[in-house]
Participant: 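Have a look at this one.
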Number of protein chains: 2
Amino acid sequence: MNIGEIARRAGVSRSTVSYALSGKRPVSEDTRRKIQQVIDELGYQPNASARALANGRTSTIGLVFPPAGNHYTGMQLDFIGSVTEAAAAYDYDVLLSPSGVDSDRSFQRLLGERRVDGAILMEIRLQDDRLDHLTAVDFPSVTIGRTARPEGSWWVGLDHTALAAACVHHLADLGHRRIAFVNRPEQLLRAGYESAQRGLDGFTKAAAERGLTVRTYCCGDDATSGLTCLERILYDDPATTALVTLNEAALGGFYRGLAQAGRHVPRDFSVTGVVAGRWAEAVTPQLTAADVPAEQMGRLAVDLLVQRLDHPETPARNHLLAPPISLRASTGPVGAGPADLAPDFGTPTHP
Amino acid sequence: MNIGEIARRAGVSRSTVSYALSGKRPVSEDTRRKIQQVIDELGYQPNASARALANGRTSTIGLVFPPAGNHYTGMQLDFIGSVTEAAAAYDYDVLLSPSGVDSDRSFQRLLGERRVDGAILMEIRLQDDRLDHLTAVDFPSVTIGRTARPEGSWWVGLDHTALAAACVHHLADLGHRRIAFVNRPEQLLRAGYESAQRGLDGFTKAAAERGLTVRTYCCGDDATSGLTCLERILYDDPATTALVTLNEAALGGFYRGLAQAGRHVPRDFSVTGVVAGRWAEAVTPQLTAADVPAEQMGRLAVDLLVQRLDHPETPARNHLLAPPISLRASTGPVGAGPADLAPDFGTPTHP
DNA sequence: CGAAATCATCGAACCGGTTCGATTCTCTCT
DNA sequence: AGAGAGAATCGAACCGGTTCGATGATTTCG
């Protein structure tokens with residue numbers, strides 16, 4: 001069932017069918033109806049490859065994210081979901097590309113074989129060769145996260161510096177003097193991951209400002225690493241009373257470690273950080289944290305990309321978000337008395 | 001940089017370039033070298049749309065999953081990741097389609113516009129109109145999960161019946177007599193989701209076999225719903241001593257509810273179910289559960305689909321998996337004494 | 001009333017690949 | 001030496017759309 005078949009059955013030429021469908025030239029009401037009728041009868045839908053070849057647009061956007069190996073985090077899932085749905089609303093499909101660097105085969109395919117009209121990059125590094133490459137060949141893209149020099153490029157990002165600082169101030173206000181910072185895995189920090197770098201930066205500066213004693217750690221993206229890391233923290237400085245983390249996947253491990261060490265959260269120890277809201281609420285006690293608005297970010301990224309595709313000459317736009325800290329149940333004043341200060345679900349009512 | 005440009009610069013015809021690249025006809029060593037040299041110079045890669053149009057294959061597979069709205073679970077994330085990586089290994093790209101039913105626009109696009117060579121469907125229902133549709137039009141597909149009548153179709157599935165039953169037997173062996181079953185949301189159960197239906201079935205039969213007193217619940221896919229559900233369970237029958245769940249997203253809520261009610265896990269209450277391993281290990285205490293081998297399943301699904309695409313006449317194949325229960329820390333004998341039976345991280349070593 | 005503008009439609013060219021049949025040249029075998 | 005096989009290459013057709021320019025019919029207006 002191709003356009004020629006439709007044309008034949010409707011008794012018109014192929015071009016007329018095309019114009020009837022696209023509306024780019026007037027077609028008489030009669031023929032339009034006749035064509036539509038044939039199309040409905042046969043359930044015709046134009047072939048995407050042929051259309052893409054002819055008009056140079058694939059109606060597909062690429063979503064580039066680093067391969068798992070290391071694990072996926074919940075945040076990535078939220079991005080993938082929201083990007084896909086936002087794209088669907090614009091009649092774009094989403095092609096997944098698991099690429100960490102610009103030399104990845106799948107990344108080359110996206111670009112070189114022109115499989116997509118534009119790309120959204122996740123997990124940006126401060127120096128990102130993937131983005132450099134895209135910029136060099138003038139390929140429309142939007143990043144979730146921003147590089148060291150984000151001017152003139154399209155992105156939606158989180159103000160990790162401010163967010164980490166806000167966590168520090170929150171803890172300092174509660175009286176904490178010795179706090180730890182738990183970052184994403186060292187490998188990612190080294191590679192220059194934006195959130196890891198800027199988060200660390202914001203934390204360090206804010207802590208210096210408030211005159212706090214701090215230690216910083218890197219930690220694998222899983223609960224077991226979290227547990228190990230927490231043991232290390234308490235070993236290095238048993239007087240630590242709080243931690244700030246960017247590592248949502250390790251959260252369960254921190255809690256477990258604290259429980260094992262007999263530290264009650266938040267009575268004896270406060271935990272906070274920058275985490276997707278949905279995951280902050282999945283742990284007990286619920287995490288006081290700056291909630292990463294992953295869904296909104298995915299949507300915004302698609303909005304920007306579509307705009308860029310529709311109006312190629314628009315000057316670069318971006319969105320820098322800095323969500324407030326959501327107060328939940330994992331932080332409290334330092335050195336508080338026993339039970340009376342435990343929030344929300346106070347004394348166990350053991351039967 | 002199209003194939004004509006390469007041909008001109010190499011001083012040969014377009015077809016020769018094509019044959020040099022595909023190897024489908026012999027090309028002399030000299031010309032092959034010359035062509036390769038030009039290609040390297042210009043960084044030529046053949047246009048995917050043109051190639052797809054010409055030979056009818058897009059080298060893309062569609063991954064169909066229901067839209068979020070309701071939330072994504074960790075398991076879905078694992079599927080998406082593993083499918084994408086497995087596909088990349090076969091040089092296939094993955095196109096995401098958020099479609100719950102066969103009338104979704106994005107689903108229609110995949111098929112009608114021939115954007116993909118084949119599809120992998122997630123979140124299968126016992127009667128699945130998407131699969132019916134694909135089967136009717138003879139479109140190559142593999143499902144993750146199986147319908148009520150899976151004979152003759154391609155799938156990789158989990159034996160939810162057996163898995164839920166195994167959980168029941170595990171608890172019954174530990175002496176539990178009154179246990180609850182917490183399913184996925186009611187809406188999904190009603191819609192006929194395979195895991196929800198077969199899991200409930202397996203649970204019910206095994207419980208009857210062992211003469212247990214049971215109640216079954218549905219619960220939203222988030223921690224808050226989990227909390228509410230758990231309160232309900234203890235309200236309905238305070239003598240309940242264990243629960244089996246398929247709902248990994250609500251897990252955090254169960255634990256929180258149990259903590260609030262003063263029930264210690266596993267001393268006073270056991271929790272088990274069918275959950276992706278990575279998430280079972282993220283909670284404290286770690287969940288004793290049948291681990292869903294999401295990565296393996298995604299890989300197998302791609303293997304099957306690629307095989308089906310390469311050999312269209314192969315009779316249908318499938319994989320039914322039934323992973324064993326991984327013993328961790330969330331289940332224990334009923335009515336055990338106080339601290340001595342707490343596993344793994346016994347007495348707190350408070351400094 | 002005739003020229004100009006507008007409308008509806010058609011045919012041909014094009015997008016960038018793949019593939020088939022034909023052609024030319026060289027080598028082998030009888 | 002001549003027939004036949006096989007290698008290397010070319011030109012043309014094709015995949016299924018879109019788009020441009022041309023054409024004939026109809027309407028508008030001076």
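Labels below follow one simple rule: chain letters A, B, ... track the order of the sequence lines, proteins then strands, and each chain is numbered from 1.
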Participant: For D/dT18, take OP1 and OP2 only and decide whether either is under 4.0 Å from a side-chain N or O of A/Lys24.
Facilitator: no
Participant: Base of D/dG17, side chain of A/Arg14 - is there a donor-acceptor contact under 3.5 Å?
Facilitator: yes
Participant: Just wondering, more than 12 heavy atoms not from B/Arg109 lying within 6.0 Å of its CZ?
Facilitator: yes
Participant: In whole Å, I'd like the distance from the CG atom of A/Leu21 to the P atom of D/dG17.
Facilitator: 9 Å
Participant: How many Å lie between CG on A/Asn55 and C1' on C/dA13, as a whole number?
Facilitator: 16 Å
Participant: May I ask you to say what B/Ser28 touches in the nucleic acid, namely base, sugar-phosphate or nothing, with a heavy-atom cut-off under 4.0 Å?
Facilitator: sugar-phosphate
Participant: Does the side chain to side chain donor-acceptor pair (under 3.5 Å) test come out yes or no for A/Gln108 and A/Asp104, once each step is laid out?
Facilitator: CA-CA 6 Å; A/Gln108 291 297 328; A/Asp104 277 341; over 6 Å; no
Participant: Would you say the side chain of B/Ser15 and the base of D/dG11 hold a donor-acceptor pair, judged only by whether the two atoms sit under 3.5 Å apart?
Facilitator: yes
Participant: For the pair made of CD in A/Gln45 and C1' in D/dG17, what is the distance, rounded to whole Å?
Facilitator: 14 Å
Participant: Consider the side chain of A/Thr31, meaning its heavy atoms from C-beta on, and name the nucleotide among C/dT9, D/dG17, D/dC15 that approaches it most closely.
Facilitator: C/dT9
Participant: Tell me: CZ of A/Arg115 to C1' of C/dG16, nearest whole Å?
Facilitator: 14 Å
Participant: Does a salt bridge link A/Arg125 with A/Glu194, judged by any charged N lying under 4.0 Å from a carboxylate O?
Facilitator: no
Participant: Show the nearest heavy-atom pair for residues A/Ser18 and A/Ile3, with the distance to one decimal.
Facilitator: N-CD1, 3.9 Å
Participant: Given atom CG of B/Leu53 and atom P of D/dG16, what is their separation to the nearest angstrom?
Facilitator: 7 Å
Participant: Indicate, yes or no, whether a donor-acceptor pair under 3.5 Å links the base of D/dG16 to the side chain of B/Arg51.
Facilitator: no
Participant: Nearest to the A/Ile3 side chain among D/dT9, D/dG11, D/dG17, which nucleotide is it?
Facilitator: D/dG17
Participant: Would you say A/Asn2 places a side-chain N or O within less than 4.0 Å of OP1 or OP2 belonging to D/dG16?
Facilitator: yes
Participant: Is B/Ser49 touching bases, backbone alone, or none of the nucleic acid, heavy atoms closer than 4.0 Å?
Facilitator: nothing
Participant: Measure distances between side-chain N and O atoms of A/Arg25 and base N and O atoms of D/dT19, and say whether any donor-acceptor pair falls under 3.5 Å.
Facilitator: no
Participant: Above 12 or not: heavy atoms from other molecules or residues under 6.0 Å from CD of A/Gln127?
Facilitator: no
Participant: At what distance, to the nearest 0.5 angstrom, does OG of B/Ser97 lie from CZ of B/Arg130?
Facilitator: 9.0 Å
Participant: Side chain of A/Ala50, heavy atoms from C-beta onward: which of D/dG17, C/dG17, C/dC10 has the nearest atom to it?
Facilitator: D/dG17
Participant: Nearest whole Å is fine: how far is C/dT18 P from B/Asn47 CG?
Facilitator: 10 Å
Participant: Can you identify which nucleotide, out of C/dT18, D/dG16, D/dT9, has its nearest atom closest to the B/Ser18 side chain?
Facilitator: C/dT18
Participant: Would the base of C/dC20 count as contacting B/Tyr19 through its side chain, where contact means a donor and an acceptor less than 3.5 Å apart?
Facilitator: yes
Participant: Under 4.0 Å, counting only non-hydrogen atoms across every strand here, what does A/Pro46 touch: a base, just sugar-phosphate, or nothing?
Facilitator: sugar-phosphate
Participant: Return the nearest nucleotide to the side chain of B/Thr16; candidates are C/dG17, C/dA8, D/dT9.
Facilitator: D/dT9
Participant: Report the distance from atom CZ of A/Arg8 to atom P of D/dG16, rounded to the nearest whole Å.
Facilitator: 11 Å
Participant: Calculate the interatomic distance between B/Arg57 atom CZ and C/dG17 atom C1'; express it in whole Å.
Facilitator: 16 Å
